[in-house]
Amino acid sequence: MRIHLTLLALTLWLSACAHPGRLPVGEPQARVVARLGAPTGEWPADGGGRVLEYATGPFGKQTHLLDFDAEGRLRSVEQVLTEARFAGVRVGMDQAALRQWLGRASEQFRVARPVPQTVWAYRYEVTHCQWFMVGVGDDGRVVDTAYGPDPLCEVLDGSMFPS
């Protein structure tokens with residue numbers, strides 16, 4: 001039992017050390033990648049820099065975007081799965097801009113109504129069990145957004161398993 005507790009404590013300590021939100025501004029990109037591992041996404045940033053995405057999905061509720069300058073030094077870290085950030089998603093935004101704004105979705109699925117679209121669903125930290133959904137039309141542009149119940153909650157509360 002003692003060995004299990006020690007291993008658990010060590011695992012928690014190591015994961016805390018590698019949290020994107022704890023990185024100092026100015027940290028070199030190579031050192032960040034060595035510490036955090038390969039990013040889940042990457043794209044050019046303003047001024048010749050790079051943005052690295054570290055998503056915790058599909059069940060995680062945080063995605064950090066790390067902004068590096070042209071010299072490869074960390075400028076900022078932002079956890080983007082927030083209602084304030086969701087409010088910035090606009091009808092007509094293309095899917096590349098959506099990915100750069102929120103990172104990769106927790107899940108994607110197709111729906112036929114009200115218009116055929118692929119829904120990008122994002123889990124996030126919230127007191128009740130919901131997720132944020134973005135409908136992306138077949139032309140690759142946002143057609144609508146909504147909040148709805150996360151189907152994972154049904155699994156967690158046991159309602160999917162009859163007694």
Side-chain angles (χ1 to χ4, degrees), residues 15 18-156:
S15 65
H19 189 278
R22 293 186 177 90
L23 296 168
V25 170
E27 188 82 1
Q29 181 176 334
R31 193 175 307 160
V32 169
V33 172
R35 189 172 177 184
L36 298 178
T40 55
E42 182 175 351
W43 46 85
D46 294 337
R50 303 291 299 165
V51 173
L52 302 183
E53 169 199 272
Y54 284 90
T56 58
F59 301 110
K61 296 181 178 184
Q62 294 187 351
T63 294
H64 290 87
L65 298 183
L66 285 65
D67 182 30
F68 293 88
D69 63 21
E71 287 76 44
R73 299 277 179 189
L74 183 64
R75 288 191 281 213
S76 65
V77 176
E78 184 176 6
Q79 199 293 100
V80 295
L81 299 184
T82 66
E83 289 183 358
R85 190 78 172 195
F86 298 155
V89 176
R90 299 284 179 242
V91 169
M93 176 185 272
D94 70 47
Q95 63 188 11
L98 174 62
R99 173 73 189 261
Q100 292 175 13
W101 186 249
L102 294 179
R104 73 178 187 190
S106 297
E107 293 184 29
Q108 291 185 14
F109 53 91
R110 291 285 296 169
V111 296
R113 288 190 228 160
V115 295
Q117 58 190 271
T118 300
V119 176
W120 295 24
Y122 295 87
R123 291 187 169 91
Y124 68 106
E125 299 289 341
V126 65
T127 57
H128 46 288
C129 199
Q130 71 179 19
W131 61 4
F132 179 68
M133 297 172 288
V134 181
V136 178
D138 291 340
D139 64 354
R141 299 203 169 272
V142 172
V143 293
D144 60 14
T145 65
Y147 291 90
D150 182 347
L152 182 60
C153 298
E154 295 176 4
V155 173
L156 294 177

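We're numbering straight along the sequence, starting at 1. These numbers come from a predicted model, not from an experiment.
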Under the salt bridge (charged side-chain N to carboxylate O under 4.0 Å, His left out) rule, collect the residues that match up with Arg73, sequence neighbours excluded. none
Indicate yes or no: at least one non-hydrogen side-chain atom of Leu23 is less than 4.5 angstrom from one of Arg35. yes
Among Val142, Thr145, Val136, exactly one meets side-chain contact (heavy atoms from CB on, under 4.5 Å) together with Trp120. Which residue is that? Val136
Run the salt bridge (charged side-chain N to carboxylate O under 4.0 Å, His left out) test against Asp138 and tell me which residues pass, sequence neighbours left out. Arg110
Trp131 side chain near Pro151 side chain, heavy-atom distance below 4.5 Å: yes
What residues, two or more places apart in sequence or in another chain, satisfy salt bridge (charged side-chain N to carboxylate O under 4.0 Å, His left out) together with Glu42? Arg50
Would you sort out whether Val80 and Glu53 count as a side chain to side chain contact (heavy atoms under 4.5 Å, CB included), showing the intermediate values? CA-CA 10 Å; Val80 295; Glu53 169 199 272; over 6 Å; no
How long is the straight-line distance from OG1 of Thr82 back to CG of Leu102, given to the nearest 0.5 Å? 8.5 Å
Closest non-hydrogen atom pair, Ala45 against Val51: CB-CG2, 3.6 Å
Under the rule for salt bridge (charged side-chain N to carboxylate O under 4.0 Å, His left out), what residues qualify as partners of Arg85, not counting sequence neighbours? Glu78
Donor-acceptor pair, side chain of Tyr54 and main chain of Gln62, under 3.5 angstrom: no
Hey, what do you get for NE2 (His64) to OG1 (Thr40), rounding to the nearest 0.5 Å? 11.5 Å
Smallest heavy-atom separation, Leu65 atom then Trp101 atom, equals CD1-O, 4.1 Å
Kindly give the heavy-atom pair with the smallest separation between Arg104 and Ala55, and that separation in Å. NE-CB, 3.7 Å
I need the minimum non-hydrogen distance between Ala105 and Tyr122, along with the two atoms involved. CA-CE2, 3.5 Å
For Arg113, check side chain to side chain donor-acceptor pair (under 3.5 Å) against everything at least two apart and list the hits. none
Specify the closest pair of heavy atoms between Met133 and Ala121, including all atoms of both residues, with the distance to one decimal. CG-CB, 4.1 Å
Do Leu36 and Leu66 have side chains that get closer than 4.5 Å, going by heavy atoms? yes
Just jot down the side chain to side chain donor-acceptor pair (under 3.5 Å) partners of Arg75, sequence neighbours excluded, or say none. Asp67
Search all heavy atoms of Gly60 against all heavy atoms of Ser106 and return the closest pair with its distance. O-OG, 4.2 Å
Between Phe132 and Tyr147, how do the two ring planes meet: parallel, tilted or perpendicular, split at 30° and 60°? tilted
Side-chain donor/acceptor of Gln79 to backbone N/O of Thr63, under 3.5 Å: yes
Identified side chain to side chain donor-acceptor pair (under 3.5 Å) counterpart of Asp150 within the set Arg123, Gln130, Lys61: Arg123
Enclosure of Asp139 CG (heavy-atom neighbours >12, cutoff 6.0 Å): yes
Would you say that Gln117 contacts Asp144 through its side chain, given a criterion of any heavy-atom pair below 4.5 Å between the two side chains? yes
